[in-house]
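All figures in this text were calculated on a predicted structure; none of them were measured in a lab.
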Amino acid sequence: DVQLQASGGGLVQAGGSLTLSCAVSGATFDDYAIGWVRQVPGKRRDPVSCISSNDGFASYAESVKGRFTISIDSARKTVYLKMNSLKPEDTARYFCAAGPQFEPCSSRLYRVLDIRGQGTLVTVSS
């Protein structure tokens with residue numbers, strides 16, 4: 001059973017940067033794509049970015065393209081989300097999650113993510 005733990009959120013001013021981490025355990029790391037989604041209370045969860053662990057293929061939501069970068073440290077079994085040029089509208093709780101085994105990073109992945117845990121809160125002040 002794959003386990004994930006998101007961390008790294010905090011309070012930052014608009015224009016600043018944060019790096020979120022997603023530590024993965026309990027599974028063969030390369031078998032899974034990892035996705036980040038975010039949610040504001042009372043609103044739906046929105047896709048942010050995903051990456052396939054076996055080949056590094058990544059994709060981004062239009063709202064974060066050019067500002068966010070997803071990456072993998074396979075040795076540490078950790079996925080990072082580097083967030084630059086943060087905007088107040090990026091304020092949300094961010095969750096990382098794994099897709100089904102062998103499901104690649106794609107728009108479909110966000111519909112089948114197994115999202116658990118509390119996520120990590122990112123607050124961007126104006």
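Grouping Ile, Leu, Val, Met, Phe, Trp and Tyr by side-chain contacts under 4.5 Å, direct or through others, leaves Leu11 on its own. Phe102 shares a hydrophobic cluster with no other residue; no ILVMFWY side chain has heavy atoms under 4.5 Å from its own. Its side chain within the 4.5 Å cluster rule, Leu4 clusters with Val2, Val12, Leu18, Leu20, Val24, Phe29, Tyr32, Ile34, Trp36, Val48, Ile51, Tyr60, Val64, Phe68, Ile70, Ile72, Val79, Leu81, Met83, Leu86, Tyr94, Val122, Val124 among the Ile, Leu, Val, Met, Phe, Trp and Tyr residues.
Remark: Asn54 engages no residue in a side chain to side chain donor-acceptor pair (under 3.5 Å) (not counting sequence neighbours). Remark: Asp55 engages no residue in a salt bridge (charged side-chain N to carboxylate O under 4.0 Å, His left out) (not counting sequence neighbours). With sequence neighbours excluded, the residues that form a salt bridge (charged side-chain N to carboxylate O under 4.0 Å, His left out) with Asp73 are Arg76. Residues forming a side chain to side chain donor-acceptor pair (under 3.5 Å) with Glu62 (at least two apart in sequence, or on another chain): Lys65. Applying the side-chain contact (heavy atoms from CB on, under 4.5 Å) rule to Lys82 yields the partners Ser17, Thr19, Thr69, Asn84; only residues at least two apart in sequence or on another chain are considered. Partners of Lys43 according to the salt bridge (charged side-chain N to carboxylate O under 4.0 Å, His left out) rule, which considers only residues two or more places apart in sequence or in another chain, do not exist here. With sequence neighbours excluded, no residue forms a side chain to side chain donor-acceptor pair (under 3.5 Å) with Gln5. When the side chain to side chain donor-acceptor pair (under 3.5 Å) test is applied to Asp30, no partner is found at least two apart in sequence or on another chain.
Rounded to the nearest 0.5 angstrom, Gln39 CD and Ile115 CD1 are separated by 8.0 Å. Rounding to the nearest 0.5 angstrom, the gap separating the CZ atom in Arg38 from the CZ atom in Phe95 is 13.0 Å. Within the model, atoms CG of Leu109 and OG of Ser59 stand 8.0 Å from one another, a figure rounded to the nearest 0.5 Å. For the atom pair Arg93 CZ and Gln118 CD, the distance stands at 6.5 Å (nearest 0.5 Å). Distance check: Ser49 OG to Tyr80 OH gives 15.5 Å after rounding to the nearest 0.5 Å. Taken from OG in Ser85 to CZ in Arg67, the straight-line distance is 7.0 Å, to the nearest 0.5 Å.
Under the salt bridge (Lys or Arg N to Asp or Glu O under 4.0 Å) criterion, the residue pairs touching residues 111-126 are Asp1-Arg116, Asp114-Arg116, with sequence neighbours excluded.
Closest of all the heavy-atom pairs between Pro100 and Val112 is CD-CG2, 3.5 Å. Nearest heavy-atom pair, Ser21 versus Thr78, reported as atom, atom and distance to 0.1 Å: CB-CG2, 4.2 Å. The heavy-atom pair separating Ala14 from Pro88 by the smallest distance is CB-CD, 4.1 Å. The two residues Ala33 and Pro104 come nearest to each other via the heavy atoms CB-C, 3.8 Å.
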